[in-house]
Amino acid sequence: RALGAIADFCEAIAVDQIRLLQCDVAVTSDETLSPSELAQYQVSGFGGSDLTPAMELLAADPQVRAVAIITDGDIQFPASPMPYAVLWVLPPTHSAGFAPGYGRIVVMDGAA
């Protein structure tokens, strides 16, 4: 559902490519997709992740200005802010202790 919403938003503002990284304790996937491909994408992997490698990889790319991170909040991440804007997207059943010191947090509603 979250990927579909991001795809719709990207189509509305004429973003034609989306970089999608997946990470557990290392980057497991780094792909460029169109919004329509993103809407149909299947996420793989789950559970106890360290997003530091993915976030640092993106920090090394001067074209990255903003990142949306979809997570349950049961993760590790860099303590210092990244050189890009971060939007943390959490499901309704996210980890209650998730409180990064940077970025903006949005919680998806439970509606289908």
*Asks:* In the structure I gave you, are the side-chain heavy atoms of I18 and C10 within less than 4.5 Å of one another anywhere?
*Replies:*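 Yes, side chains in contact.
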*Asks:* Output the distance between atom CG (L3) and atom CG (D8), rounded to the nearest 0.5 Å.
*Replies:*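 That separation rounds to 11.0 Å.
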*Asks:* If every non-hydrogen atom of Y41 is compared with every non-hydrogen atom of S29, which pair is closest and at what distance?
*Replies:*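 Taking Y41 first and S29 second, the nearest heavy atoms are OH-OG, 3.6 Å.
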*Asks:* For I69 and L51: C-alpha separation, side-chain torsions, deciding distance, then whether side chain to side chain contact (heavy atoms under 4.5 Å, CB included) applies.
*Replies:* CA-CA 9 Å; I69 298 174; L51 299 186; 3.5 Å; yes
*Asks:* Taking only residues two or more places apart in sequence, or in another chain, which ones meet S36 in a side chain to side chain contact (heavy atoms under 4.5 Å, CB included)?
*Replies:*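 So S36 forms a side chain to side chain contact (heavy atoms under 4.5 Å, CB included) with E11, S34.
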*Asks:* Looking only at non-hydrogen atoms, find the nearest pair between P92 and M108 and report the distance.
*Replies:*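 So the two residues come closest at CG-O, 3.3 Å.
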*Asks:* Is it the case that the side chain of W88 and the backbone of V107 share a donor-acceptor pair, with hydrogens and angles ignored and the cut-off at 3.5 Å?
*Replies:*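 Checked: no pair found.
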*Asks:* What I'd like to find out is whether the side chain of I105 reaches to under 4.5 Å of the side chain of F98, using heavy atoms alone.
*Replies:*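 A side-chain contact under 4.5 Å exists here.
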*Asks:* Hey, could you give me the CG/NE2 distance between D72 and H94, rounded to the nearest 0.5 Å?
*Replies:*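 Those atoms lie 10.0 Å apart.
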*Asks:* Could you give the distance from CG (L21) to OG1 (T32), rounded to the nearest 0.5 Å?
*Replies:*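 Between atom CG of L21 and atom OG1 of T32 there are 9.0 Å.
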*Asks:* Please walk me through it: do V67 and L87 pass side chain to side chain contact (heavy atoms under 4.5 Å, CB included)?
*Replies:* CA-CA 6 Å; V67 173; L87 176 66; over 6 Å; no
*Asks:* Any side-chain donor-acceptor pair under 3.5 Å between Y84 and Q63?
*Replies:*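 No, Q63 and Y84 have no side-chain donor paired with an acceptor closer than 3.5 Å.
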*Asks:* I'd like to check the salt bridge (charged side-chain N to carboxylate O under 4.0 Å, His left out) partners of R19; sequence neighbours left out, ordered by chain and number.
*Replies:*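 Listed in chain order: D30, D61.
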*Asks:* Any donor-acceptor pair under 3.5 Å linking the side chain of T71 with the backbone of G73?
*Replies:*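 Looks like yes, one N/O pair under 3.5 Å.
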*Asks:* When rounded to the nearest 0.5 angstrom, what is the spacing between CD in Q17 and CD in E37?
*Replies:*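 The CD atom of E37 is 9.5 Å from CD of Q17, to the nearest 0.5 Å.
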*Asks:* Could you check L58 against M82 for side chain to side chain contact (heavy atoms under 4.5 Å, CB included), going step by step and ending with a plain yes or no?
*Replies:* CA-CA 9 Å; L58 293 170; M82 295 288 97; over 6 Å; no
*Asks:* Measure from the side-chain N and O atoms of T28 to the backbone N and O of Q22, and report whether any donor-acceptor pair falls under 3.5 Å.
*Replies:*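 Present.
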*Asks:* Which pair of heavy atoms, one from V25 and one from P53, lies closest together, and at what distance?
*Replies:*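 The answer is O-CG, 3.5 Å.
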*Asks:* Go through the steps to decide whether D24 and D50 satisfy the test side chain to side chain contact (heavy atoms under 4.5 Å, CB included), and finish with yes or no.
*Replies:* CA-CA 6 Å; D24 48 33; D50 182 354; over 6 Å; no
*Asks:* SG of C23 to CZ of F77: how many Å apart, nearest 0.5 Å?
*Replies:*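 With rounding to 0.5 Å, SG (C23) is 13.5 Å from CZ (F77).
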*Asks:* With sequence neighbours excluded, tell me which residues meet side chain to side chain contact (heavy atoms under 4.5 Å, CB included) with F9.
*Replies:*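 Partners of F9 under the side chain to side chain contact (heavy atoms under 4.5 Å, CB included) test: I13.
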*Asks:* Kindly give the heavy-atom pair with the smallest separation between P35 and A7, and that separation in Å.
*Replies:*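 In terms of heavy atoms, the two residues are closest at O-CB, 3.1 Å.
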